[in-house]
Amino acid sequence: MKRISTITSIILFAMMAGCGGGKQSTDDLIIVDVTTSYPEKELILQDFMDVEYIVLETSDEFLTQGLVKAIGSEYILVTNRIRNGDIIIYDRKTGKGVRKINRQGQGPEEYNRISGVANIILDEANGEMFVKSTADKILVYDLYGKFKRSFMSSHYDVFEYDKDNLIGYDISDFYQRGEDRDREKAYHVLISKLDGSITRKIFIPFKTIHTPIVVRMGIGNASTPEFCQIIPNQGKWILADSSSDTLYTYAPDNTLKPFLVRTPSIHAMEPEVYLSIMALTNSYYFIKTVKNDFDFETGRGFNLNTLMYDKKENAVLEYVVYNDDYTEKRPLFKFMWNPYNHEITSSVILEAHQLVDDYKKGILKGKLKEIAATLDEEDNPVIMLVKHKQ
């Protein structure tokens with residue numbers, strides 16, 4: 001029977017005892033039962049988020065499939081699905097192409113591929129971009145593609161933190177599943193932009209490593225995609241670890257505060273169901289769960305589910321989100337949430353040919369209708385940015 005789980009207050013004195021790292025405090029927590037079915041709620045995106053459309057310039061020089069990798073106040077950086085090494089810089093306000101950079105290769109100043117999901121970090125203040133080339137290397141270029149430096153880094157979910165540091169999650173123990181952690185090791189860290197050294201350790205308490213991975217010895221392995229351990233949250237951060245039942249809020253003053261607890265415990269499930277935050281807004285928190293199972297014969301597994309915590313109703317729900325710039329109910333992809341920074345919670349690729357077709361059908365309105373009226377089917381896609389309301 002579907003029900004709404006009760007949101008209760010928990011003070012985790014025992015959990016927090018003896019933990020190193022930042023100053024820690026406790027408060028009321030959100031409790032999410034990952035085994036429960038929940039009722040669904042319909043949402044209109046524009047009711048709780050702002051939307052910005054960027055029409056990417058189309059020319060012989062600037063042709064792109066529009067995979068957004070980084071967004072700043074001035075620029076938006078995109079790549080292609082075909083992994084040809086192109087990084088195209090567009091002006092965010094006008095959508096005009098600024099320049100195309102390609103440093104793909106095998107040399108010490110080149111990336112052999114652009115690795116991972118959060119794989120390019122844009123630092124507009126310093127005029128630099130950080131490219132995650134392999135599992136353990138980051139290369140730094142200026143915004144003209146000139147190589148500046150590189151450093152070794154085994155960190156994932158890397159974001160810009162401040163003018164001197166990045167924040168990242170260490171994945172070097174990912175395959176140590178079932179082993180006890182090194183109590184001196186922090187997985188969430190601040191990383192020097194200059195040389196990759198660790199400038200601050202942030203300790204999330206847990207004993208045994210429970211990483212979301214299934215391994216078939218001697219044949220192959222598979223791991224869950226896009227399991228976010230770090231989420232920017234309007235000046236603060238949400239820090240998660242697959243080995244911990246608790247997610248935390250982390251503030252710039254080095255305060256770590258419990259934010260959300262999943263139940264049952266990850267250490268009591270087989271197979272495990274992991275939980276992470278996809279995005280936080282002023283009204284809703286969007287959540288993803290991943291079941292840790294994989295069938296090597298069929299190539300299927302790691303079933304994903306989405307939930308939402310409604311702050312006003314104090315309830316956990318399933319959800320569907322519609323774009324109000326359509327006259328019909330056009331649901332958005334539930335896994336679209338992928339925050340780039342403290343402003344932008346996600347981006348959506350709107351293909352030109354589909355927009356042209358929708359315009360002809362008369363099902364667009366507002367700004368999107370105006371844009372579609374100017375497009376050709378062969379144009380670059382339009383990028384929809386979803387951002388916090390001002």
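Excluded from the calculations below are hydrogen atoms, water molecules and symmetry mates; all remaining heavy atoms, backbone and side chain alike, are included.
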> Should the pair K96-E74 be classified as a salt bridge under the 4.0 Å nitrogen-to-oxygen rule?
Replying inline: no
>> Testing the 3.5 Å rule here: is there a donor-acceptor pair between the side chains of T208 and D180?
In response: yes
> Would one find more than 12 heavy atoms of other residues, nucleotides or ligands at under 6.0 Å from atom NZ of K334?
Replying inline: yes
> Just one of V386, I231, T306, I287 clears the side-chain contact (heavy atoms from CB on, under 4.5 Å) bar with W337, so which one?
Replying inline: V386
> For the residue pair Y161 and Y250, does the interplanar ring angle fall in the parallel (under 30°), tilted (30 to 60°) or perpendicular (over 60°) class?
Replying inline: tilted
>> Can you tell me how the ring of Y111 sits relative to the ring of Y141, calling it parallel under 30°, perpendicular over 60° and tilted otherwise?
In response: perpendicular
> Just checking, is any N or O donor in the side chain of D325 or Y53 under 3.5 Å from an acceptor N or O on the other one?
Replying inline: yes
> Under a 4.0 Å N-O cut-off, is there an ion pair linking K291 with E272?
Replying inline: no
> Using a distance-only test with no angle check, is there a side-chain donor-acceptor pair under 3.5 angstrom linking N282 and Q234?
Replying inline: yes
>> Among residues at least two apart in sequence or on other chains, which ones pass salt bridge (charged side-chain N to carboxylate O under 4.0 Å, His left out) with E110?
In response: none
> Any ion pair linking K329 and E42 (charged N to carboxylate O, less than 4.0 Å)?
Replying inline: yes
>> A quick test of your reading: do over 12 heavy atoms of other residues, nucleotides or ligands sit less than 6.0 Å from NZ of K185?
In response: yes
>> Checking side-chain polar atoms at under 3.5 Å, does Y319 have a donor or acceptor matched by the opposite partner on D310?
In response: no
> Are side-chain N/O atoms of S153 and H155 paired as donor and acceptor at under 3.5 Å?
Replying inline: yes
> Is it true that E61 and R99 have a side-chain N and a carboxylate O under 4.0 angstrom from each other?
Replying inline: no
> If you draw the axis of the six-membered ring of F206, does the NZ or CZ of R181 fall within 45° of it and under 6.0 Å from the ring centre?
Replying inline: yes
>> For E52, is there an ion pair with K93 - N to carboxylate O distance below 4.0 angstrom?
In response: no
> Should I138 and L194 be regarded as members of a common hydrophobic cluster, given that ILVMFWY residues are connected when their side-chain heavy atoms come within less than 4.5 Å of each other, either directly or indirectly?
Replying inline: no
> Between L280 and T345, which heavy-atom pair has the shortest distance, and what is it?
Replying inline: O-CG2, 4.4 Å
> Which pair of heavy atoms, one from V78 and one from T64, lies closest together, and at what distance?
Replying inline: CG2-OG1, 3.5 Å
> Taking all non-hydrogen atoms of both residues, which atom of L45 and which atom of L332 are closest, and how far apart?
Replying inline: CD2-CD1, 3.6 Å
>> Would K311 and Y285 count as a cation-pi pair here, with the cationic atom under 6.0 angstrom from the ring centre and within 45° of the axis?
In response: no
> So F48 and Y284, ring pair (Phe, Tyr, Trp, His ring centres under 6.0 Å) or not? Walk me through it.
Replying inline: CA-CA 9 Å; F48 63 99; Y284 311 106; 5.0 Å; yes
> Checking ring pair (Phe, Tyr, Trp, His ring centres under 6.0 Å) for the pair Y156/Y169: CA distance, chi angles, key distance, verdict?
Replying inline: CA-CA 5 Å; Y156 200 72; Y169 178 82; 8.7 Å; no
